[in-house]
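Inspection log for the structure reproduced underneath, given as structure tokens.
Letters A, B, ... are given to chains in the order of the sequence lines, protein chains preceding strands, and every chain is numbered from 1.
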Number of protein chains: 2
Amino acid sequence: MRLVIARCSVDYSGRLNAHLPLATRLIILKADGSVLIHSDSLSYKPLNWMSPPCSVAIEVPEEDAASVGVEEQWRVTHAKTGDTLLVRIYEVIHDSAHDLGVDPGLQKDGVEKHLQELLAEHPATLAEGLTLVRREFPTAIGPVDLMCRDAAGLSVAVEIKRRGDIDGVEQLTRYLELLNRDPALTRKGAVTGIFAAQEIKPQARVLATDRGIACAVVDYDALRGLDDPSHRLF
Amino acid sequence: MRLVIARCSVDYSGRLNAHLPLATRLIILKADGSVLIHSDSLSYKPLNWMSPPCSVAIEVPEEDAASVGVEEQWRVTHAKTGDTLLVRIYEVIHDSAHDLGVDPGLQKDGVEKHLQELLAEHPATLAEGLTLVRREFPTAIGPVDLMCRDAAGLSVAVEIKRRGDIDGVEQLTRYLELLNRDPALTRKGAVTGIFAAQEIKPQARVLATDRGIACAVVDYDALRGLDDPSHRLF
DNA sequence: CATTCGATGTCGTCT
DNA sequence: AGACGACGTCGAATG
């Protein structure tokens, strides 16, 4: 990894055109060839970047560029899309290279997959007497997160989201529409739906209710408490 | 901006829990207080980070941490959500600080808004004889990108996307459902829809067709060619 | 290889 | 502040 602090201007040309006027910035050149341009604020996201696979070519600045003080010019080109990032260096303030080695990677806990696992183990927290039939129940338009059966023996499709948005309700609606055409599932009565999320947006709740879909706000920590603590990662 | 290359382990606790085992990484401390942890690959996105507003506290490592070689311990806490990032430093390899000043910011050109402007000027490229009634036609559930009239004088709602996904079809469907309840618009006949995008995904096309919504693939460059070249930014 | 879908999405914009 | 859509979304999993 090479770190360069420099006064520079940057032009990106690809899915859109973008220009960064002359200013002092951090330029990161990673081992995989990728390039990141960071300013001192506006965190997380670089101002400009190029993802791998890409290559960096050192160019001789055009005459007019050189005349206004461009010392170096790097052209970063994406190998597949042809997107380019043109970095014009006016003054290098810092330049250092470091060998970081391979990173062992990030371990995560608490994403939607875990929520699904926990709810699959404790379906009754969604509705009294609900039991699991199967997780990732396959349909022609994708898998239903949880297929359950209620106390009366009727099929219940559960869609799980971390954040319950209008999109999730639309998704569950499409599943229910399809499932209710299946005679095997609807023998005893219509398949109903439960929209389960850690947080449900008001508009999503209104739409779900309007369509006869139940909403369930899920308490992740409480669910985890129900689970065997020895299974926790942290 | 402070740049630290160090052997470190990191733990994030907030919307989820995440752990980074001991390895050599780049730690960026920005002027606004934000912190970014980068490895030498997996570009663009940091492995771990904290967005502003947040504060960094230097802690004395716990005894057991110190005994395994932790020299410094930084706790970054988000001011609002309380999310924390705990960085344990085992060895500092590089440490430098730089004054970058304020960045003038990024200038962008050429996204969906531009596409909408171009199509508003050339609605006939979507369908023979189509004319614009108004852009951003207001409805109770949000503005319709373009409201047009076809050769027969019937109302046509146009939804514009850069990438035509299933979500866009759902959105247009909701608009059409609402618009078709308006007597003023449906006097001559039902309001129809056109789903316009630079690229339309197969599933979206199927859904749109199934609902009687026309699809139009838009050629951005050709449209720009129709436009006055002197209006271009680049 | 293409496609789909989640994300500590992030970011702008408007109510 | 909350809601909503766009994003150079990115990135992983999957067929």
Task: Atom pair distance, as rounded to whole Å: CD in A:E136 and C1' in C:dC5 - done: 11 Å
Filtered N/O pairs between nucleotides 10-14 of chain C and protein, under 3.5 Å:
from   : atom 1 : to    : atom 2 : distance (Å)
C:dC11 : OP1    : A:S43 : O      : 3.3

Task: C:dA7 versus D:dA6 - spacing of their C1' atoms, nearest Å - done: 15 Å
Task: Any side-chain donor near an acceptor of the partner, A:R163 and A:Q198, under 3.5 Å - done: no
Task: Between C:dT4 (P) and B:D165 (CG): distance, integer Å - done: 7 Å
TODO: Kindly state each residue pair satisfying salt bridge (Lys or Arg N to Asp or Glu O under 4.0 Å) with at least one member in residues 78-90 of chain A, sequence neighbours excluded.
DONE: A:D11-A:R88, A:E62-A:R88
TODO: On the 0 to 90° scale, with breaks at 30° and 60°, tag the A:W49-B:Y44 ring pair as parallel, tilted or perpendicular.
DONE: tilted
Open item on the list: Looking at A:R134 and A:E136, is any side-chain nitrogen of the basic one under 4.0 Å from a carboxylate oxygen of the acidic one?
Closed with: no
Open item on the list: Mind checking if B:D83 touches a base, just sugar-phosphate, or nothing, with heavy atoms under 4.0 Å?
Closed with: nothing
Open item on the list: Measuring only the P atom in each nucleotide, how far is C:dC11 from D:dG11? A whole number of Å is fine.
Closed with: 15 Å
Task: Pairwise side-chain contact, B:Y175 with B:E159, heavy-atom cut-off 4.5 Å (strictly under) - done: yes
- [ ] Compare side-chain N and O positions of B:K201 against OP1 and OP2 of C:dT3 and report whether any pair is under 4.0 Å apart.
- [x] no
Task: Test: B:R211 and B:E170 ion pair at under 4.0 Å - done: yes
TODO: Go through C:dG6, D:dG8, D:dG5 for me and flag the one nearest to the B:R174 side chain.
DONE: D:dG5
Open item on the list: Rounding to an integer number of Å, can you tell me how far A:Q198 CD sits from C:dG6 C1'?
Closed with: 14 Å
TODO: Would you classify B:N48 as touching base, sugar-phosphate or nothing, given that sugar-phosphate means primed atoms plus P, OP1 and OP2, and contacts are heavy atoms under 4.0 Å?
DONE: base
Task: Pairing of B:D145 and B:R135 as salt bridge, 4.0 angstrom limit - done: no
Open item on the list: Strictly below 4.0 Å, N to O, side chains only: are A:D109 and A:R224 in salt-bridge contact?
Closed with: yes
TODO: Please tell me which of the listed nucleotides, D:dA1, D:dA3, C:dT8, lies nearest to the side chain of A:P202?
DONE: D:dA3
TODO: Would you indicate which nucleotide in C:dG6, C:dT8, D:dG8 comes nearest to any side-chain atom of A:Q171?
DONE: C:dG6
- [ ] Between A:L85 and B:K80, just flag the one whose closest nucleotide in DNA chain D comes earlier from the 5' side.
- [x] B:K80
- [ ] Write down the distance between CG (B:L115) and C1' (D:dG8), rounded to a whole number of angstrom.
- [x] 15 Å
- [ ] Could you state the atom-to-atom distance from CD1 of B:I166 to P of C:dG6 in whole Å?
- [x] 13 Å
Open item on the list: Can you measure B:I200 atom CD1 to C:dT4 atom P for me and round it to whole angstrom units?
Closed with: 13 Å
Task: Minimal non-hydrogen separation, B:L100 against A:H38, with atom names - done: CD2-O, 4.3 Å
Task: Protein-nucleotide distance (A:Y175, atom OH; C:dT4, atom C1'), rounded to Å - done: 10 Å
Task: Nearest-nucleotide comparison on DNA chain C, the residue closer to the 5′ end among A:P143 and A:L106 - done: A:P143
Task: Residue pair B:Y12 / B:N48: nearest heavy atoms and the distance that separates them - done: CB-OD1, 3.5 Å
Open item on the list: What is the distance, to the nearest angstrom, from the CG atom on B:L47 to the P atom on D:dA12?
Closed with: 11 Å
Task: DNA chain D: stems of at least 3 consecutive Watson-Crick or G-U pairs whose donor-acceptor distances fall under 3.5 Å - done: C:1-7 with D:9-15, C:9-15 with D:1-7
